[in-house]
Amino acid sequence: MGRRAATDPKYPRWVWIAAAATVALLIVGGAFVLRTLLFPPDSGQGGPLADNGSTPPASEPLAQDSPAAVAGAAPCIPLNILTSLENAETVRALATEYTAKPRSVDGKCVTPAVAQEKSGVAAGKVAARFPGVGAGDRPSLWVPDSSAWLRMAGEGADGSPVPQEGISLARSAIVVAMPETMVSALGWDSKPPSWSEVFKMAAEQNVWERLGHGEWGKFKFGKASPLVSTSGLMALAASYGAAGGSVGGLDDMDLGAPALVEKVRAVELGTSHYMATPEHFLWHAREADDAGNVAEFLSAVIVDEKSVWDYNRGVVSEDGKTKQPGPAPKEFLRAIYPSDGVHVADNPAVILDGDWVGSQQRLAAQDFLAFAVTEQGQQIVKASGYRTIQGTLDAGVAGTGRYAETLQPLPLPKAEALTKVQDSFPEVRKRARALFLLDISESMVQEAGVTKLQRAKDAVRKALDHFTGDDEVGLAAFSQVGDGPLLPGIVSQVAPFKSNKEDLIAKLNDLKAVDATPLFEAVSRFAGDQAKDYKDTFINTIVLLSDGKNDTTHPGDLGGLSQQLSHQNHSTPVLVFTLAYGPDADVPTLLEIARASGAHYYDATDPNRLEEVLGELVTSF
């Protein structure tokens, strides 16, 4: 299993506004230069992907790569490239092919280095000029997977803002991915639904029982976080569009109108839970498929179509960064293209104009991008699972990914609309019913300085900032002395956060370490209690922090606990998110608990990462 990525800090609107003071150094003027060089104004093309979703006609041949006769002299020009998680693999492939031929820029060779980050996190770092990062490690070239992030990063800036358009390198539609048997059961293989019909079906939790497939349990609909993921942001935009009667008309809507916001809240109730990235959902879908029933975890999830291709060819990622190849799944996913259109991730590239980008880095970036949009560069794009800038597909990729031959692109909303949609997420998201469950065994205080227990308390207090007054939050802790009862159990009942926040924090501060670790008993008891009080209109969950392994003789074993959690997940899903805290945590057991419940495991075996990892975890509900 791969380890979890770094935390996804929330970047509220003030971060974008604060960026106004630095945008003069972030103007992507190089992108304008490159656009002019590659697509002159009189060409009638406006770039590889124009605002209306059009592309250069496939009948017009792309330029051919023109490598240098002899590679430039060393030392090579370092070209740091920052990408999204989704397109990093493709940009690396482009970099490899680019350097496979002789390159000479200002008489020097070029050495590209590709780093990846979640889209929303990267946008925040760009706007803040990469605080804490040395000038030599900052990127010269930024390639998010959607122009949405360029638009929001530049929104609200005075003077010369960050350009809202870049040079598109590849295209991937944002689709609804579903197991093929479920698509057939709904009849969506022959007649695609509208976005409104997708959300209506997700809200009907018992649809499978109505259609004679009660064995599939509830309709489990997943979305990524719109704070950091393009598919999550576009999913929320589609929710607004469906609620407002036009998925392509967000720019003309009053997105703050109370009636519209209430409709969006109703749409979001169909969400089973959120995760930081779509890769997390696909990882667990593959685990469920390996166990023989993908329906136990997934009915539908909104992702980009390239991710569907990856899944169907056996490639998944637990952390969104490290791809793990394997055999094809037992049941393929099908990409559903709603009848009223899809948003398209256009993978724009922009050259940053910060003071750390020298003239040679700028020239190297322009040379790299010139290669990326040649016939040779676009062949790599096709082979990587993307549509080219002209909209063409590799036949094998299209077959495996179940791609539609052509797209009906939706217009990308303007910066103001995108920012309003993203900022509204805390208000419109489905509410959580969360119980924090802390291991308070003696090992939590067996260290000098700040103990693990104190770090855990600090991290939970910080994580509580994610919740709103209408969420329901509680606190429980577990340990045991000898053969005695589980201690202390519930210390703050699950209740509306607006009424129990002070009590919860006070009880959290009072927790003391006891003795043993009755892990199985604690999870079984509290997951059962949460299931008894299950609420359809909430994401029902437990956040388990443990630094050890079950070390009591009380009844219970992992097999029985897994069966209980799997059974509950079928009809009253209680997601048990597990967090391994410290190097002695029982990682295999925590992985299995999370898997059986349909949730995700998080790795904080380095105690210094606890706060940031827990911060990422709470984006899942």
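All residue numbers refer to positions in the sequence shown, counting from 1.
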By side-chain contact (heavy atoms from CB on, under 4.5 Å), which residues pair with Ala459, not counting sequence neighbours? Leu610, Glu611, Leu614

With the side chain counted from C-beta on, respond yes when [X] and [Y] share a heavy-atom pair under 4.5 Å apart, and no when they do not.
X	Y	value
Leu575	Ile542	no
Trp142	Asn80	no
His273	Phe281	yes
Arg433	Val494	yes
Glu616	Val228	no
Asp471	Phe538	no
Gln480	Asp515	no
Lys321	Leu85	yes

Quick one: pull up [atom1] in [X] and [atom2] in [Y] and give me the separation to the nearest 0.5 Å.
X	Y	atom1	atom2	answer
His466	Leu227	NE2	CG	8.5 Å
Glu86	Thr277	CD	OG1	7.5 Å
Thr322	Glu279	OG1	CD	11.0 Å
Trp283	Gln324	CH2	CD	4.0 Å
Thr589	Asp557	OG1	CG	10.5 Å
Ser479	Met444	OG	CE	10.5 Å

Go through Asp470 and Thr468 one step at a time and tell me if the side chain to side chain donor-acceptor pair (under 3.5 Å) criterion holds. CA-CA 6 Å; Asp470 293 331; Thr468 64; 5.4 Å; no

Modelled atom types, side-chain donor and acceptor of [X] and [Y], under 3.5 Å:
X	Y	answer
Ser492	Asp503	yes
Thr230	Trp149	yes
Glu592	Ser562	yes
Ser307	Asp310	no
Asn87	Ser84	yes
Glu296	His570	yes
Asp439	Ser441	yes
Glu287	His284	yes
Ser443	Asp547	yes
Glu268	Ser239	yes

Checking side chain to side chain contact (heavy atoms under 4.5 Å, CB included) between Phe478 and each of Leu519, Val514, Leu438, which is the one that passes? Leu519

Parallel, tilted or perpendicular, judged at 30° and 60°: which one describes the rings of Phe199 and Phe221? tilted

Using the six-membered ring wherever Trp is involved, compare the ring planes of Tyr602 and Phe577 and label them parallel, tilted or perpendicular (cut-offs 30° and 60°). tilted

Before you tell me yes or no, could you show the steps for Asp529 and Arg525 under salt bridge (charged side-chain N to carboxylate O under 4.0 Å, His left out), namely the whole-Å CA-CA distance, both residues' side-chain angles and the distance that decides it to 0.1 Å? CA-CA 6 Å; Asp529 290 346; Arg525 176 189 299 185; 5.7 Å; no

Taking [Y]'s backbone N and O only, do any of them form a donor-acceptor pair with [X]'s side chain (distance below 3.5 Å, no angle check)?
X	Y	value
Ser499	Pro496	yes
Ser231	Val303	no
Thr517	Gly548	no
Trp356	Gly134	no
Asp586	Asn550	no
Ser597	Val576	yes

Please check if the number of heavy atoms outside Lys263 that lie under 6.0 Å from its NZ is greater than 12. no

Could you go through Asp355 and Arg129, starting from their C-alpha distance and side-chain angles, then the distance that decides it, and tell me whether this counts as side chain to side chain contact (heavy atoms under 4.5 Å, CB included)? CA-CA 10 Å; Asp355 56 5; Arg129 299 181 63 210; 3.2 Å; yes

Is the closest basic N to carboxylate O distance between Asp423 and Lys420 below 4.0 Å? no

Check Lys549 with Asp584, please: is the shortest side-chain N to carboxylate O separation under 4.0 Å? no

After noting the C-alpha distance and the side-chain angles of Leu269 and Arg431, does the key distance pass the side chain to side chain contact (heavy atoms under 4.5 Å, CB included) rule? CA-CA 8 Å; Leu269 289 178; Arg431 293 299 179 240; over 6 Å; no

Please evaluate residues Ser524 and Gln564 with respect to the criterion side chain to side chain donor-acceptor pair (under 3.5 Å), reporting the C-alpha separation (whole Å), side-chain torsions for both, the decisive distance (0.1 Å), and the verdict. CA-CA 8 Å; Ser524 177; Gln564 173 192 337; 2.7 Å; yes

Taking every non-hydrogen atom, the tightest pair across [X] and [Y]:
X	Y	result
Ala456	Leu545	CB-CD2, 4.3 Å
Ala432	Phe467	CB-CE2, 4.1 Å
Ile302	Ala235	CD1-CB, 3.5 Å

CA sep, side-chain torsions, deciding dist, call: Phe526, Phe436, ring pair (Phe, Tyr, Trp, His ring centres under 6.0 Å): CA-CA 10 Å; Phe526 295 117; Phe436 284 87; over 10 Å; no

Contacts of Lys512 meeting salt bridge (Lys or Arg N to Asp or Glu O under 4.0 Å) (sequence neighbours excluded), chain-then-number -> none

Apply the test salt bridge (charged side-chain N to carboxylate O under 4.0 Å, His left out) to residues Lys218 and Asp536: give CA-CA distance (whole Å), side-chain angles for both, the deciding distance (0.1 Å), then the verdict. CA-CA 10 Å; Lys218 290 184 174 292; Asp536 265 327; 3.5 Å; yes

For Ser424 and Tyr240, run side chain to side chain donor-acceptor pair (under 3.5 Å): C-alpha distance rounded to whole Å, both residues' side-chain angles, the deciding distance at 0.1 Å, then the answer. CA-CA 10 Å; Ser424 76; Tyr240 269 92; 2.7 Å; yes

Under the criterion salt bridge (charged side-chain N to carboxylate O under 4.0 Å, His left out), I'd like the reasoning laid out for Glu89 against Lys323: C-alpha separation, chi angles, the key distance, then a yes or no. CA-CA 9 Å; Glu89 189 177 30; Lys323 297 291 182 73; 3.5 Å; yes

Asp289/Tyr311 under side chain to side chain contact (heavy atoms under 4.5 Å, CB included): CA gap, chis, key distance, verdict: CA-CA 11 Å; Asp289 181 85; Tyr311 181 89; 3.8 Å; yes

